[in-house]
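Quick notes on the structure that follows.
Numbered from 1 within each chain, the chains take letters A, B, ... in sequence-line order.
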Amino acid sequence: MHFNLSDEQKLIRNAVDKFIRNDYSFDARKKVLALENGFSPEHWRQFADMGWLGIPFSEDQGGLGGGVVDIVQVMEAFGTGMVLEPYLSAIVLAGGLIARGGSAAQQEALLPALIGGEKLLAVAYTERESRFNPADVQTRAEKSGDGYLISGEKAVVLGAPTADALIVSARTGGGRLDTQGISLFLVDSKAPGVEITGYRTMDGGCAGNVRLNKVQVGADALIGGEGAGFALLDEAVDHATVAACADALGAMQSAMRKTVEYLKTRKQFGVPIGSFQALQHRAVDLFTAVEACRSMVLMASLKVTDKDPVARRMAVSAAKQFVGEKARLVAQQAVQMHGGIGMTEELDIGHYFRRLTMFCAQFGTTDYHLKRYADLMAAAA
Amino acid sequence: MHFNLSDEQKLIRNAVDKFIRNDYSFDARKKVLALENGFSPEHWRQFADMGWLGIPFSEDQGGLGGGVVDIVQVMEAFGTGMVLEPYLSAIVLAGGLIARGGSAAQQEALLPALIGGEKLLAVAYTERESRFNPADVQTRAEKSGDGYLISGEKAVVLGAPTADALIVSARTGGGRLDTQGISLFLVDSKAPGVEITGYRTMDGGCAGNVRLNKVQVGADALIGGEGAGFALLDEAVDHATVAACADALGAMQSAMRKTVEYLKTRKQFGVPIGSFQALQHRAVDLFTAVEACRSMVLMASLKVTDKDPVARRMAVSAAKQFVGEKARLVAQQAVQMHGGIGMTEELDIGHYFRRLTMFCAQFGTTDYHLKRYADLMAAAA
Amino acid sequence: MNIDFSPEELAFQQEVRSWFAENLPAELKRKTELGIMLSKDELVVWQRILNAQGWLVTGWPKEYGGPDWTPTQRYIFDMERARANAPIGLSMGIIMLGPVLMAYGTQEQKDYYLPRIRNCEDWWCQGYSEPGAGSDLASLKTMAVSDGDDYIVNGSKIWTTYGHWANRIFCLVRTSTEGKKQEGISFLLIDMDTPGLEVRPIVSIDGEHHLNETFFTDVRVPKKNLVGKEGQGWTVAKYLLTHERTTIAGVADSKVHMANLKRMARENGANGEPLMNDPSLRQKLAKAEINLLALEYTNLRTLAATAAGKAPGPESSLLKLDGTAVQQQLSELGVELSGQYAWPWKADDGVGPDEFAATTMRYAFTRAATIYGGSDEVQKNVIAKMVLGLNFK
Amino acid sequence: MNIDFSPEELAFQQEVRSWFAENLPAELKRKTELGIMLSKDELVVWQRILNAQGWLVTGWPKEYGGPDWTPTQRYIFDMERARANAPIGLSMGIIMLGPVLMAYGTQEQKDYYLPRIRNCEDWWCQGYSEPGAGSDLASLKTMAVSDGDDYIVNGSKIWTTYGHWANRIFCLVRTSTEGKKQEGISFLLIDMDTPGLEVRPIVSIDGEHHLNETFFTDVRVPKKNLVGKEGQGWTVAKYLLTHERTTIAGVADSKVHMANLKRMARENGANGEPLMNDPSLRQKLAKAEINLLALEYTNLRTLAATAAGKAPGPESSLLKLDGTAVQQQLSELGVELSGQYAWPWKADDGVGPDEFAATTMRYAFTRAATIYGGSDEVQKNVIAKMVLGLNFK
C-alpha cells in the first residue's frame with residue numbers, strides 16, 4: 001500500500017501547476033471570462049501541445065495512457081486556477097466515454113482530433129425533468145432506413161455551445177425510467193434539426209439546451225449496442241464525477257489557503273482577525289474539511305475503476321456527497337470570513353464560491369448522491 | 001395579541017418555582033432518585049395540596065380549570081428542577097385523556113382520586129415495534145360477554161410501575177396500522193392477567209412493559225366509542241408532547257444558564273474560559289436556541305387546542321422537532337463546555353443531559369416529527 | 001395570552017390586502033416573486049403609488065406624513081406587503097435617515113429633506129463603512145476639515161448600496177482625531193453631485209451592480225448639512241440601532257419565499273414525479289418552514305413587547321442572527337430545487353422554468369445577509385457581552 | 001498509488017482473523033458487540049490469552065517482548081481485533097507507560113516493570129489531570145518534596161480511569177515551583193497501596209464507575225521511582241503525544257460499530273417494516289458510513305506516510321478530531337435506532353431487543369471522547385497555531 005505519485009504523474013502535475021501560476025493568474029483568467037463561452041482557443045492548443053488532452057487515452061488511441069490518478073492531478077490543479085476550458089466535459093466525460101465504449105472506427109474518427117485539440121465533444125444526457133438521473137430519458141430514436149431519427153430536448157448540456165459533436169442519449173426502447181432501452185448516438189452539432197441555445201454557467205463556463213427535431217443519423221452513429229447505452233453513460237458520468245471532485249478539491253484548497261492568509265493580514269480593532277478564536281476554529285474546520293476531501297478523492301480515484309458497478313457507484317456517490325457538503329461549507333465560510341470584500345467580483349474568493357456552488361449541483365447534488373449511496377447500501381445488505 | 005400570563009398563571013408559576021428552589025434542590029432530588037421508581041409520595045401529596053394535580057381539569061371535574069398555558073408553566077418549572085414524579089404521564093397524558101374523552105361515570109370514578117393524589121394512571125399505547133406511532137396497535141380486545149378480553153404486550157409505558165390503573169389501546173377492528181378500530185380501555189393494574197415489569201428510565205423516572213393475558217374488562221371500561229380511540233389518543237399524546245417540550249425548555253434554560261455561569265468562574269491558562277471567543281459564541285448559540293424554543297413552546301401551547309386536527313398535529317410536530325433538535329445541542333454542548341466535570345453524576349449538568357436525551361426520544365423523535373410535519377405539509381398543499 | 005388580532009386589526013389587514021391586490025403593477029409582482037432585481041425607475045414609480053396612499057413612510061409619525069400606525073399595524077402591513085409580492089423598497093431615506101433627522105435634525109433640515117424623501121425626490125445612500133474599517137466602524141478615517149462655513153471632506157466609503165442611483169449621501173466623517181475614536185465622528189449630509197465626489201461600481205458575487213465605492217477629494221460641504229452637533233455622529237448613528245425594529249428578522253418576506261419554494265416543489269417534477277414527493281426534499285422544506293415558524297413567534301414576542309411599550313432589548317441581535325439564517329437556508333433550498341437549472345448564469349428567459357432563473361443569484365447575494373449590518377460574529381459578540389455577561393477585561 | 005496489501009500482509013491478516021475466530025471467548029465477544037462494560041477479571045483473562053500468543057504488546061519492539069510488526073501489520077491487527085468484536089483492552093501500561101519506560105526508564109525499571117505489564121501482573125493507571133487544571137495540564141499542583149531517598153507527595157489527581165482496578169499509578173508531580181511551570185514537573189511511579197493514597201469513585205454520566213479521584217496525603221515514594229530526571233516530567237509526558245498513533249482515529253472499532261448499526265436497522269422493525277426501509281434513517285446511516293470512509297482514508301494516508309518512515313505531523317490532532325466526531329455520530333445513531341428502548345436505563349435483559357440495551361449509555365459515555373485526551377477545543381487551537389500559523393502574540 002502506498003499513495004505516492006509516479007514520476008510521470010509528478011511531471012504532469014508540476015506542468016499544470018506551472019501553467020496555472022504563469023498563464024492563469026486571476027487577472028489572466030478574467031480575460032478568458034470575457035471571451036465567448038469562456039473558452040480560449042490558445043489555451044486549448046497549449047493543452048494539446050502539452051499532451052494533457054491525451055491523458056485519458058491509451059497509446060493505441062494516440063493518447064498518453066494515463067489513468068484516473070493522472071486525470072485527478074490535472075483536475076485538482078485546474079481547480080486551484082478555476083480553469084474555464086471544457087476539459088471536464090470534452091475530455092473526461094465525452095472523450096472517456098468514446099475511449100471506453102466507442103467502436104474502433106469511432107475512436108479513429110474522433111480521438112485524434114480530440115487529442116489534437118481540433119474538435120470538441122459534449123455529452124447531452126440530461127433533460128428538463130430528468131434532474132441527475134441518466135436513466136430518465138424521453139428523447140426518442142426511431143429506426144429510419146439504415147439509421148435513426150432522433151427527436152427530443154436535452155437541457156443544460158455542459159460544453160454544448162463549443163462542441164463540434166454531441167453524444168446524445170435517446171430511447172430506442174423501454175419506458176421513461178428504464179435503464180434498458182437507452183442508446184447513445186454521435187450527432188454532429190451542425191446536423192439538420194439540431195438547435196443549440198447556449199448560455200454561460202455560474203462558474204464562467206458554458207452550457208446549452210439542445211433541441212433535436214427528427215435528426216437523421218446513420219447506423220454508425222450508435223455508440224455501444226442498441227439499447228445498451230446506460231451502462232456506458234453511467235460509468236462515464238461516474239468518472240467525470242470523480243474528476244469534478246478533484247477540481248473542487250483544488251478550488252477548496254485555494255479558497256481555504258487564501259482565507260487563512262486573509263485572516264493573518266486583515267486587521268480589525270487593531271489586531272489581525274486571525275487572532276479571534278472563533279475564526280481560528282472555523283479556519284481549522286475548513287482545513288480538516290479539505291484534508292478529508294483529499295482522502296475521499298483518493299478513495300474514489302482508486303475505486304472508480306472497480307469492475308463491480310455497485311462498488312463503483314457507492315464509492316463515487318460517497319465522494320460526491322462528502323466533497324459536495326464540504327465544498328458548500330468552504331465556499332460559504334470563505335466568503336463569510338472575508339466579509340464584504342468576499343462578496344465582490346473583484347476578489348477571487350467570490351469566484352471560488354461560484355465554482356464550488358456549481359460543483360454542488362453537478363452530476364447530482366449532495367442529496368442525490370446520499371440517496372444513491374443509501375439505496376445501494378441497503379440493497380447490498 | 002398579547003403573551004402575558006394571567007395573575008392566576010403567575011401565582012401558579014411562582015409557587016412551583018418556589019417549590020423547586022426550596023424542596024427540589026439538586027441534593028434533595030438525589031434523595032428522590034434513590035427512592036423506588038424515583039417517586040416521592042410526600043411530594044405527590046404536596047402537589048395535590050397545592051392544587052397542581054387539578055390544573056388540567058374543569059371545576060366541574062373537581063379541578064382548577066386551567067388551560068395548556070397553565071400546564072406549560074408548571075412543566076417548564078418542573079423542567080428546571082428535573083422533577084421525577086409522574087406529572088406528565090399521570091396528570092397531563094392520562095388525566096387529560098380522561099378529562100377530554102371519559103364518560104361522566106369514568107370521570108367521576110377516576111378524577112377526584114387523581115386530583116387528590118390518591119391514585120395514579122398511565123397510558124399504555126406503545127408496543128415493541130410500534131415506535132412512536134399510536135396507530136400501530138397489535139394488542140387485541142375481543143368481545144366477551146358484556147365486556148372484552150384483552151391480550152397483547154405494551155412496551156416502555158411511562159409511569160407504568162406506579163400506576164393504579166392503565167389506559168390500554170387495543171384493536172377491536174382494523175389492520176395493524178389502521179387508525180380506525182382502535183379502542184381504549186381502562187384496566188386495573190392488579191387485574192388478573194396483567195403483568196408489569198418495571199424499570200428505571202434514563203432521566204431517573206420509571207417505565208414498564210405491560211403484558212396482558214386475556215384480561216377481562218367490563219363494557220364500562222371502554223373510553224370513548226368502540227373503535228374510535230385513535231382520535232382521543234392522538235390528541236392526548238399531542239397535548240403531552242407540548243407539556244414535554246415545556247419541561248425540556250425549563251431544563252435547557254437551566255443547563256444553559258449554569259453553563260454560562262461556569263464559563264465565568266472556571267479558569268484555565270490563567271483566565272476565565274468564558275473569555276475564549278469560541279466558547280462565547282457557542283454560549284450564544286445555546287442562548288438563541290433556548291429563546292427560539294421558548295417561542296415554539298408558546299406557539300404550540302396556543303395551537304394545540306386548534307379544532308382542526310391537521311393544524312394541531314403540524315403545530316405540535318413543529319415544536320417537538322425544533323425543541324428536540326435544540327435540546328440535543330444544548331445537552332451536548334453543556335457537557336462539552338463543562339469538560340470532565342460535566343461527564344460525572346456529581347454535577348447536575350450530566351442529569352440535564354440525560355433528561356434532555358430522554359426528551360428527544362419521547363412521544364416521537366426529532367426525525368419522526370419532521371416526517372409527520374413534512375407529510376402533512378405536502379398533503380395540505 | 002392571546003395570539004389573535006383585534007377586530008379592528010383584522011379589518012385593517014383586509015383593507016391593506018385589498019389595496020395591494022388592486023394597486024400593485026403586475027410586472028413588479030412577477031419580478032418580485034421570481035427574485036429579479038428591479039430598476040430604480042420601477043421602484044420610484046411604486047414608492048410614489050404607496051406615497052399617494054399615505055403608506056410609504058409607515059414608521060414615521062403623523063406630523064411628518066406617516067400614517068401613525070401601531071407596531072402591530074406596521075407588522076400587519078409588512079406581512080401583507082410581502083404576501084402580495086410587493087417590493088420592499090430600498091429606502092435608506094425612509095428607514096435610516098428619516099428617523100435620524102426627526103431626532104437630531106434642525107427644523108430647516110426636517111422641513112427641507114423629509115418631504116423630499118416621502119415624495120421620492122431624493123434617493124439617499126449611506127456612507128458609513130470604509131475599506132479599512134469593516135466591522136470596526138469607529139476606526140473610520142474619512143476626514144472633514146473645517147474651512148469657514150464649510151467642511152472639506154477627503155477619504156472614501158465602501159459598500160455604498162445603490163450609491164449609483166442616489167443623489168444624496170449621509171456620511172459618518174471624522175471631524176477630530178483627539179480623544180476616543182468614537183468622539184471625533186460627525187454625521188454629514190452630502191450632495192452626490194458636489195465636485196470631487198466620485199462613485200465607482202463594485203460588482204457583487206451575484207454578478208449585479210448593487211454596491212459602490214465612493215471617493216471624496218476635497219469635497220466642500222456646507223456646515224448646515226451637519227446633523228446633530230459636531231462630534232455627535234457616533235451617537236446619531238447608534239440611535240438607529242436601538243430604534244425599534246420589528247421587521248429586522250425579515251419574517252414577512254421569508255414567509256412568501258417559503259410559499260414560493262413549496263409551489264416550486266409542487267409544480268416542478270423530476271423523474272416523473274413532483275419534487276414534493278421526494279421524502280428528503282420534502283423534509284428539508286419542512287425543516288425550513290419550522291425554523292421560520294420559530295422565528296415568526298420570536299418576532300411576535302418582540303412585537304407584543306414593543307406594542308406594550310417595553311424598551312427594545314437584545315432582540316434585534318437575536319432576530320438578525322436567526323432571521324438571516326432562515327434567509328440563507330431558504331435561498332439554499334431555492335438552488336436545491338433548481339437542480340441542473342442552478343447552472344445557467346443570468347441566462348435569458350426560457351432556458352428553464354422561470355422560477356429557477358434567479359435562484360442561484362439570490363443564493364449568492366444572500367450570503368451578504370450575515371456580513372452587512374453587523375456580521376454574525378459581531379452580533380454574537382454583542383449577545384455574549386451584553387446579554388450573557390461574558391465580558392472580561 | 002496502490003491501496004492493496006502485499007501477499008505477505010494478506011497472509012498475516014488471514015492468520016490473525018483465524019486466530020481470533022478460535023481464541024476469543026464467546027461471552028467477551030457478545031458483551032463487546034453489545035457495548036456492555038467488561039470487568040477487570042474478564043479483561044485480564046483476555047489479555048493473558050493475547051500475551052500467550054505474543055500479541056498483547058503489539059507496539060513494543062522485539063527486545064521487550066513485542067512482535068516487531070510494521071505499522072501496516074499493527075493496523076491490520078487492530079482491524080481484525082475490532083472485526084472479531086474483541087475488546088480493545090484498557091492498557092495504560094501497554095500503550096502509555098511501556099513506551100515511556102523504554103525511552104526514559106533506568107535498566108532496573110525496565111527489567112522490573114515491563115515484564116509485569118506484559119504478564120498483566122500490574123495494572124497501571126494515569127495520574128496527570130488535577131481538579132483545577134483541566135486542559136491547562138502544566139498548571140498541576142500535586143507536590144513531591146524531597147526527603148532523603150524519598151519524595152513526600154501531597155495533592156490530588158482526577159479522572160484516574162480504572163484507578164480502582166490499578167495497583168500502580170504513574171504521575172506527573174511538581175518537584176519545583178521555580179522557573180517556567182513546565183520545568184518543575186517530574187514523572188513518578190507510585191504503588192497504589194502506599195499509605196496516604198486514597199481512591200474515591202466518580203460515577204460517570206453513563207451511570208458507571210470508570211473514573212476516580214486519587215488523593216495523596218504524605219505519600220512516601222522512593223526516588224528510584226522517578227522516570228527520567230527530576231524536572232524532566234513534561235518532556236517525558238509529551239514524548240507520548242508525538243509518538244506514532246495510527247489507531248487514534250478509532251477506525252477499526254467504528255467500522256464494527258457501523259456494521260452493528262446496519263444490522264440493527266435490518267433486523268428490527270417499526271410499523272411493520274425493517275427500520276432500514278425508512279429513507280431518512282437509511283440516509284443517516286449512509287451519511288455516517290460515508291464520514292467513516294473519509295476518516296479511514298485519512299487514516300490510511302497517515303499509515304502510508306508512517307510506513308514510509310515519515311515523521312508524524314499534525315495528523316494525530318486531525319485524526320482525533322474527525323475520529324471522535326464519527327464515534328459520537330455513531331453513538332447518536334444507536335440511540336436513534338433504539339426508539340423508545342432508549343429510555344430504559346441499565347435495565348435487565350429482556351426489556352427490549354438486546355442490541356438496544358446499552359446504546360444510550362454508550363451515547364452518554366462517548367461524549368467524553370471530545371473532552372479527554374485533549375478536548376476538541378485544544379486540538380483546534382493546536383492546528384490553528386501549528387499548522388495554519390494563526391499564532392499571534
Atom [atom1] of residue position [X] - does it have more than 12 heavy atoms of other residues, nucleotides or ligands inside 6.0 Å?
{"X": "D:E267", "atom1": "CD", "answer": "yes"}
{"X": "A:R282", "atom1": "CZ", "answer": "yes"}
{"X": "A:R257", "atom1": "CZ", "answer": "no"}

So do the side chains of [X] and [Y] get within less than 4.5 Å of each other, counting heavy atoms only?
{"X": "A:M299", "Y": "D:E296", "value": "no"}
{"X": "D:F392", "Y": "A:V271", "value": "no"}
{"X": "D:D322", "Y": "A:E291", "value": "no"}
{"X": "D:N381", "Y": "A:Q277", "value": "yes"}
{"X": "D:I3", "Y": "A:K303", "value": "no"}

Item to check | Option in A:A292, A:C293, A:S275 with maximal non-hydrogen atom pairs under 4.5 Å from chain D | outcome: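 Among A:A292, A:C293, A:S275, the one with the most close pairs to chain D is A:S275.
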Checklist entry - Which one of A:L263, A:L5, A:V69, A:D375 has the most heavy-atom pairs closer than 4.5 Å to chain D? => result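 Top option by heavy-atom pairs under 4.5 Å: A:D375.
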In terms of heavy-atom proximity below 4.5 Å to chain D, should [X] be classed as side chain, backbone, both, or neither?
{"X": "A:L302", "result": "side chain"}
{"X": "A:F3", "result": "both"}
{"X": "A:R294", "result": "both"}
{"X": "A:V260", "result": "both"}

Between [X] and [Y], which heavy-atom pair has the shortest distance, and what is it?
{"X": "D:L390", "Y": "A:G274", "value": "CB-O, 4.0 Å"}
{"X": "A:A378", "Y": "D:M276", "value": "CB-CG, 3.8 Å"}
{"X": "A:A318", "Y": "D:L293", "value": "CB-CD2, 3.8 Å"}
{"X": "A:M377", "Y": "D:R282", "value": "CE-O, 3.8 Å"}
{"X": "A:K264", "Y": "D:G389", "value": "CE-O, 3.5 Å"}
{"X": "A:L370", "Y": "D:A286", "value": "CD1-CB, 3.9 Å"}

Next on the checklist: For chain A, which candidate among D:N277, D:V387, D:T298 shows the most heavy-atom pairs at distances under 4.5 Å?
Outcome noted: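 Option with the top pair count is D:T298.
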Item to check | Separation of A:Q321 CD from D:Q283 CD (nearest 0.5 Å) | outcome: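 Going from CD on D:Q283 over to CD on A:Q321, the span is 9.5 Å.
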Checklist entry - Given A:M296 and D:I290, is the side-chain contact (heavy atoms from CB on, under 4.5 Å) satisfied, shown in steps? => result CA-CA 9 Å; A:M296 278 310 233; D:I290 290 170; 3.6 Å; yes
So for [X], is it side chain, backbone, both, or neither that comes closer than 4.5 Å to the heavy atoms of chain A?
{"X": "D:K287", "answer": "both"}
{"X": "D:L300", "answer": "both"}
{"X": "D:Q379", "answer": "neither"}

Item to check | Stepwise side-chain contact (heavy atoms from CB on, under 4.5 Å) test for A:D285 and D:K380 | outcome: CA-CA 8 Å; A:D285 292 341; D:K380 288 189 179 182; 2.8 Å; yes
